[in-house]
Structure formats: C-alpha cells, structure tokens
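Read the numbers this way: they start at 1 and go in the same order the structure lists the ligands and their atoms.
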Amino acid sequence: MLHIIKKTLINFFFFSPLFLISDTKDISIVIHGGAGWFTSMTEEEIEGIEEALNIAADSGYELMLEGGTSLDAVERAIIILEDNPLFNAGRGSVYTSELRQEMDASIMDGSNLNAGAVASITNVKNPIKLARYIMEKTEHVMFSSKGAEKIAIEAGLETVSPSYFYSEEKLQRAKNKIKTNSKKGTVGVVALDAYGNIAAGTSTGGMTNKMPGRIGDSPIIGAGTWAENGVCGVSGTGHGEYFIRLNVAKEICVLMKYEKLDVKKAAQIVIDRLKSMGADGGVIALDENGTPAMIFNTPAMARAYKDSPDYTFVQIYKDN
Ligand code: ASP
C-alpha cells in the first residue's frame, strides 16, 4: 500500500521541483567491483576503479531520483562497469584456459521474482543487457553459449570480436595458469527505488584460466544474485563453486525473511560460513529500507553505496 502511495506521489511530483525533495529517502544503490586482494595494482588503476564505482553509483542513483526503476539503475550501473577494462566483466573479462572470454551475467526483479541470465557467452558487448532481454522478452530464465548469442543477434544487441577483450596482462595470467581470481573484479549492483522495488544484477568473466564451459555463481539465481521486494537484494563475488553450493544470495535473504536477522548479520553469517569452507568472497546487499551490507572475507572488496544526492561512499580496502 505504502508503495502505491509513493508511486502516486512520484508521478504527481515528477515534473515539479518539489519532486527532488518529495521522496528520496528510500532510494539507494550499492555496488561491488569484486572481492580479493587488490595488491600489486598501480595507483592509477586503484583511482580508475574508484572513479568508475563513483560514476556507476551516481548514474544509477540519479536515474532513480528522476523516477526510474531499480531495474534500470542496476542495468545502467552494470553497463558502465562492463565497458570499463578495469573490471572482470564485459570488456575486461579474464581469459579461459583456451585463451578466450566466456562471460556470465544475471538480473533479477524483486517485484515479481522474474529473472534473466546468460552463461558462457563470448561476443556480446554487454551481457547484462542480454540477461534483461531474456527476462523480459522470453519465457525462460537462462540461456547459454550459442543459444544465448543467437538471441542477442535477434535482439539487436551489439556484438564484438575477440580483439575487443584483448589484454596482454590478463592473457599472461591465463597462459601462466594462474588459477586464482583475477585481481580485477566481477561487478554487481543492488538498488532500491522510490516505488519500493529491489533489483539486483551481477556480471563477470568468471575466474582466470577456468576450463571452457565452466559456469560460476554469477548467472545462477539464488547463488550470485537474488532480489525480493520487502526482504532484500544481494549480489556476490568470489569463488563461484562455493557460492553455488551454499546458494549464498538466497541464503542471506532466507535468514532475513524467516529468522528476522538484519542484513549485515545475515550477510556476515554466510560469508563466515564460506570462509570456514575455504572460500574467498564477499557480497553487497540492501534490505527493504535501503540499509546496506558490504561484507567480505578477503582483504578488500571494491564497493560503493549511495543513498543521498550529495555523497557517494567508495572504498576498496578494509576500514582501518
Ligand atoms: N564469482 C565469480 C565466478 O566464480 C568470480 C568472481 O566473483 O570473482 O565466476
């Protein structure tokens, strides 16, 4: 009911200067750019990551401030990060053991539990756009590889050649069979709009030197991504095999929904459990009021949060 009233207010004030002060308190967006070590990075790279997170958070937030939905905000923020080679998603995706890219992505609409996902796609510029297209325009949730790429063509989405992803440094990491997560991260966004809708999305190139065909948690609804109005939204990053086995994103929301835990406590419990299994990773989450959790068991997780027009929190390493 509250959301219907809010929606009416938003519609009423949309073209009015009053709009900007009418209902902005619940709008919030939280973003991650991967969990890991973020060591041996140049100052320039660190600054580039921080700047991109800032831009993505501002852009998604502003979209919602102007009356846009959380789904649009999630897609817009992820596209910004997919286009930036500093992240392991879209353009910056890491190489498989056969020295090419295979990308995974998913998006979920908390208002109706609709979801779309793609796995092992090689030539779509923005995998998150394809995930959304699948959610909205097909009867299915998840497509992989050639089938997904065929839909991208039908949808008129931009495709690219392998040179678009070229990175000498990442190529060498794959050639040297470095099996760890790339130091450059998966990206994820969770947003709450003024209508009370929560959306979440995640996009990744997966893990460096992964076997061709390997699919991580990022495109798996419940593992890497979950959104449910009135409860929470979550996007994860880390050792995908463990995120799948623990169903991390859904598990956090289940703890909140049935055990009535707050978002930080719920996320901490699940991230601690990952650690006890030997897995590295982190999550970002929002509860129904836009309260964020940014929890990780690695030395760092690139992250940003915004819930007011004049400040954006951006941090990579742990608090002092
Ligand atoms: N979770 C991703 C995967 O396993 C990788 C990452 O987040 O770093 O594919």
Side-chain angles (χ1 to χ4, degrees), residues 30-39 41 49 53 78 81-82 84-97 100-108 117-122 127-128 131 142 144-145 165 167 170 173-174 178-190 200-226 234-252 267 270-271 274-275 277-285 294-303 316:
V30 62
I31 301 184
H32 73 73
W37 276 255
F38 290 83
T39 48
M41 298 189 84
I49 289 170
L53 290 172
I78 289 184
L81 303 174
E82 284 180 340
N84 187 322
L86 286 171
F87 298 91
N88 172 20
R91 182 160 182 210
S93 293
V94 297
Y95 286 81
T96 66
S97 60
R100 54 183 234 159
Q101 281 73 23
E102 291 183 4
M103 298 168 285
D104 301 334
S106 65
I107 193 162
M108 186 162 187
V118 289
S120 301
I121 56 171
T122 62
I128 197 69
M142 190 174 193
S144 72
S145 187
F165 304 102
S167 155
K170 275 178 255 192
R173 286 174 75 83
I178 297 173
K179 269 213 163 153
T180 58
N181 283 350
S182 164
K183 66 181 182 180
K184 287 160 188 155
T186 293
V187 305
V189 179
V190 181
T202 311
S203 182
T204 188
M207 292 171 86
T208 296
N209 204 37
K210 67 184 179 183
M211 291 167 71
R214 177 267 186 189
I215 297 168
D217 59 308
S218 307
I220 296 183
I221 298 304
T225 302
W226 184 261
V234 180
S235 168
T237 172
H239 199 148
E241 280 67 13
Y242 292 86
F243 276 68
I244 295 171
R245 287 151 67 186
L246 273 187
N247 216 354
V248 164
K250 181 78 192 285
E251 180 85 345
I252 291 170
V270 178
I271 292 301
L274 275 177
K275 189 77 195 164
M277 292 169 79
D280 297 318
V283 290
I284 49 160
M294 295 173 264
I295 309 286
F296 47 101
N297 64 30
T298 46
M301 180 170 78
R303 59 204 189 276
I316 295 181

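A donor-acceptor contact shorter than 3.5 Å links the side chain of N297 to the backbone of I271. Put simply, the side chain of E82 gets close to the backbone of I128: a donor and an acceptor are under 3.5 Å apart.
When only interatomic distances are considered, the shortest N/O to N/O separation between T186 and ligand 1 falls below 3.5 Å. Inclusion of D104 in the set of residues having an N or O under 3.5 Å from an N or O of ligand 1 is not warranted.
A salt bridge links R214 with E241: the closest approach of a Lys/Arg side-chain nitrogen to an acidic carboxylate oxygen falls below 4.0 angstrom.
Listed by chain and number, the residues in a side-chain contact (heavy atoms from CB on, under 4.5 Å) with P299 are W37 (sequence neighbours excluded). The side-chain contact (heavy atoms from CB on, under 4.5 Å) search around F165 returns Q101, M103, V160, not counting sequence neighbours.
Under 3.5 Å, the side chains of S235 and T202 contain a donor-acceptor pair of N or O atoms.
Those atoms of ligand 1 that come under 4.0 Å of a heavy atom in D217, given as number and element, are 1 (N), 2 (C), 3 (C), 4 (O). Numbered from 1 in the order shown, with element, the atoms of ligand 1 that lie under 4.0 Å from a heavy atom of M207 read 4 (O). Near G240, meaning under 4.0 Å from one of its heavy atoms, ligand 1 places the atoms 4 (O). Close approach of ligand 1 to T237 is summarised as follows: ligand atoms under 4.0 Å from at least one heavy atom of the residue are 6 (C), 7 (O), 8 (O).
A heavy-atom separation below 4.0 Å is found between R214 and ligand 1. Residue contacts with ligand 1 include G238, since one or more of its heavy atoms lies under 4.0 Å from the ligand.
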